[in-house]
Amino acid sequence: MSKPVILTGLRANNDLHIGNYFGALLPIIDMAQRRNKEYQINLFIPDLHSFTAEVDHNTLQEAIMQNLRVYVAAGLPLNDPDVHIYRQSYIAAHSELTWILDCFTGMGEMKRMTQFKDKAKKDDDRVSVGLFNYPVLMAADILLYGADYVPVGDDQTQHLEFTRDIAERLNKKFGNLFKVPKAVQEQHKFFGKDQGLRIKDLADPTKKMSKSDETGKGVIFLIDTPEASRQKIMTATTDSLQSIKPDPVNQPGITNLLDILALLALVSSDYQINPRPLNGYAELKTAVADTVAIFLNDFQSKLKEVDDNGIFNKLEISEKLMNEQADSTLLKVQKAVGLRP
Ligand code: TYM
């Protein structure tokens, strides 16, 4: 790990959507394309995290493969020797470090995690211990490689803060064990943002767009047909104020549509709508639907061209190297806690 590391992972529980794309995928791929000389890029599949939510075990392998194809279609340069793709479960150190970190983590700390609280509220009995301590596994994912920067959407910032806390806690007790990831504000600045990103559900813009949404009505998946996405956008929930301006409190639906438009315009000048005044919500929705359709067409034609063999070859190289890097951190920790001489 001679270069500083930028790292992130996206679960393969369901198809990825534009929230995942803009919140985590694009920021790391942008760095892999522009700053690859300076950084090691780790874009992995947190496959062990899959079981923290409902998952179809029979199709998980295909879902993992599909996520990897999405990484490549989104522009991840696999031919760069400092860009790595890997599956968490192929690197045993993730699970092993998690157990050690678990033993230095308070129950109260985990109970306070918003994601856990939200999900636990819904169905206490079916909430697994895995969901309860998954921020610890996430901390292990990050600390094993000494990552400085971790692009994530707003919903994961609490877990990032926990990663910093547990790293500092163990560093205090055992000396300099872990590299502490940069503070969240610094991360936002690094990725050119002032705050974390949270794309909202189109049908209910008071909650985030989420892959675990059962209906998928308010979620634009990267593999949606342009017609399906148009339908979702045209029926998006708005308000009765008839004013097109960002106002997250009073107009979350309109603000969300404007955000999506602005994010797409950042990706490519092809996705910039003509600078014409938008008269009314129907025109705004049409502009968003048109822009999203162009984006999805482009993205899906790249997805079709992805070569699976290139992915398998890269996995083999990356997983070997990542095992070496992760094992070296784990050994340091094992020695510090008295498990190794
Ligand atoms: P996951 O798989 O739920 O989501 C993947 C990434 O997408 C971001 N995201 C969003 N961003 C903006 N708007 C949205 N509506 C939206 N929905 C999701 C998430 O914040 C995330 O960055 N625990 C993580 C995966 C993980 C991980 C890690 C990430 C495991 N280990 C280590 C970074 C580092 C998760 O469940 O993300």
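Owing to the predicted nature of the structure, the values given are computational and were not obtained by experimental measurement.
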Quiz item: Hey, mind stepping through Tyr281 and Asp239 against side chain to side chain donor-acceptor pair (under 3.5 Å) and telling me if it holds?
Solution: CA-CA 9 Å; Tyr281 290 177; Asp239 53 64; 2.6 Å; yes
Quiz item: Does Phe295 have its ring centroid less than 6.0 Å away from the ring centroid of Tyr21?
Solution: yes
Quiz item: How about Asp247 and Asn250: does a side-chain donor come under 3.5 Å of a side-chain acceptor?
Solution: yes
Quiz item: Of the non-hydrogen atoms in Pro135 and His159, which two are nearest, and what is the gap between them?
Solution: CG-CD2, 3.7 Å
Quiz item: Should Ile317 and Ile45 be counted in the same cluster of Ile, Leu, Val, Met, Phe, Trp and Tyr side chains packed under 4.5 Å apart?
Solution: no
Practice problem: Test Leu202 against every option in Val219, Ile220, Thr237 by the side chain to side chain contact (heavy atoms under 4.5 Å, CB included) rule and name the one that passes. | Solution: Ile220
Practice problem: Measure from the side-chain N and O atoms of Glu186 to the backbone N and O of Lys182, and report whether any donor-acceptor pair falls under 3.5 Å. | Solution: no
Donor-acceptor contacts under 3.5 Å from residues 170-180 side chains, at least two apart:
unit_1, atom_1, unit_2, atom_2, d
Asn171, OD1, Leu177, N, 2.9
Asn171, OD1, Phe178, N, 2.8
Asn171, ND2, Phe178, O, 2.9
Lys179, NZ, Asp148, OD2, 3.0

Quiz item: Side-chain contact, heavy-atom cut-off 4.5 Å: Glu319 with Arg87?
Solution: yes
Quiz prompt | Charged N-O contact under 4.0 Å between Asp201 and Lys217 | solution = no
Quiz prompt | Reference residue Val292; test side chain to side chain contact (heavy atoms under 4.5 Å, CB included); the match among Ile18, Ile260, Leu261 | solution = Ile260
Quiz item: Are Asp30 and Arg35 ion-paired here, with the side-chain N under 4.0 Å from a carboxylate O?
Solution: no
Practice problem: Identify whether the distance between the nearest side-chain nitrogen and carboxylate oxygen of Arg69 and Glu62 falls below 4.0 Å. | Solution: yes
Self-check item: Leu48 with Leu97, same ILVMFWY side-chain cluster at under 4.5 Å
Solution: no
Exercise. Measure the spacing between CZ of Arg11 and OG1 of Thr52 and express it to the nearest 0.5 Å.
Key: 5.0 Å
Quiz item: In terms of the angle between their ring planes, are Phe51 and His57 parallel, tilted or perpendicular, with boundaries placed at 30° and 60°?
Solution: parallel
Exercise. Determine whether Tyr90 and Leu60 fall in the same hydrophobic cluster, where Ile, Leu, Val, Met, Phe, Trp and Tyr are linked whenever their side-chain heavy atoms lie under 4.5 Å apart.
Key: no
Quiz item: Below 4.5 Å, heavy atoms only, C-beta onward: do Ile244 and Glu283 meet side chain to side chain?
Solution: no
Practice problem: List the atom of Leu101, the atom of Ala139, and the distance in Å for their closest heavy-atom pair. | Solution: CD1-CB, 4.2 Å
Self-check item: Same apolar cluster: Met110 and Met107, side chain cutoff 4.5 Å
Solution: yes
Quiz prompt | Which residues share a ring pair (Phe, Tyr, Trp, His ring centres under 6.0 Å) with Phe116, sequence neighbours left out | solution = Phe132
Self-check item: Whether Tyr145 and His94 hold their rings parallel, tilted or perpendicular, with breakpoints at 30° and 60°
Solution: tilted
Practice problem: Taking the side chain as every heavy atom from C-beta outward, state whether Lys304 and Gln300 have any pair of such atoms under 4.5 Å apart. | Solution: no
Practice problem: Scan side-chain atoms only and decide if Gln66 and Asp15 contain a donor-acceptor pair under the 3.5 Å cut-off. | Solution: no
Quiz item: With distance as the sole criterion, is a donor-acceptor pair present between the side chains of Asp56 and Thr59 under 3.5 Å?
Solution: yes
Exercise. Identify which one of Asp154, Val152, Leu160 satisfies the side chain to side chain contact (heavy atoms under 4.5 Å, CB included) criterion when paired with Gln156.
Key: Val152
Self-check item: Counterpart residues, ring pair (Phe, Tyr, Trp, His ring centres under 6.0 Å), relative to His84 (two or more places apart)
Solution: none
Exercise. Would you give the length of the straight line joining atom CD1 of Ile166 to atom CD1 of Ile142, rounded to the nearest 0.5 angstrom?
Key: 12.5 Å
Practice problem: For Glu316, look at atom CD and say whether over 12 heavy atoms of other residues, nucleotides or ligands are found less than 6.0 Å away. | Solution: no
Self-check item: Spacing of Leu43 atom CG and Ile28 atom CD1 [to the nearest 0.5 Å]
Solution: 5.0 Å
Quiz item: Within a strict 4.5 Å, meaning less than it, do heavy atoms of the Leu315 and Leu68 side chains meet?
Solution: yes
Quiz prompt | Side chain Gln88, main chain Asp141, donor-acceptor under 3.5 Å | solution = no
Practice problem: Tell me whether the centres of the aromatic rings in Phe22 and His17 are closer together than 6.0 Å. | Solution: no
Practice problem: Given side chain to side chain donor-acceptor pair (under 3.5 Å), test Gln325 with Gln40 step by step and report yes or no. | Solution: CA-CA 12 Å; Gln325 293 190 358; Gln40 172 177 315; 3.0 Å; yes
Self-check item: Residue Gln231 excluded, over 12 heavy atoms near CD under 6.0 Å
Solution: no
Quiz item: Shared ILVMFWY cluster between Leu331 and Phe104, side chains joined below 4.5 angstrom?
Solution: no
Quiz item: Can you tell me if Thr329 uses its side chain to pair, donor with acceptor, with the backbone of Leu144 under 3.5 Å?
Solution: yes
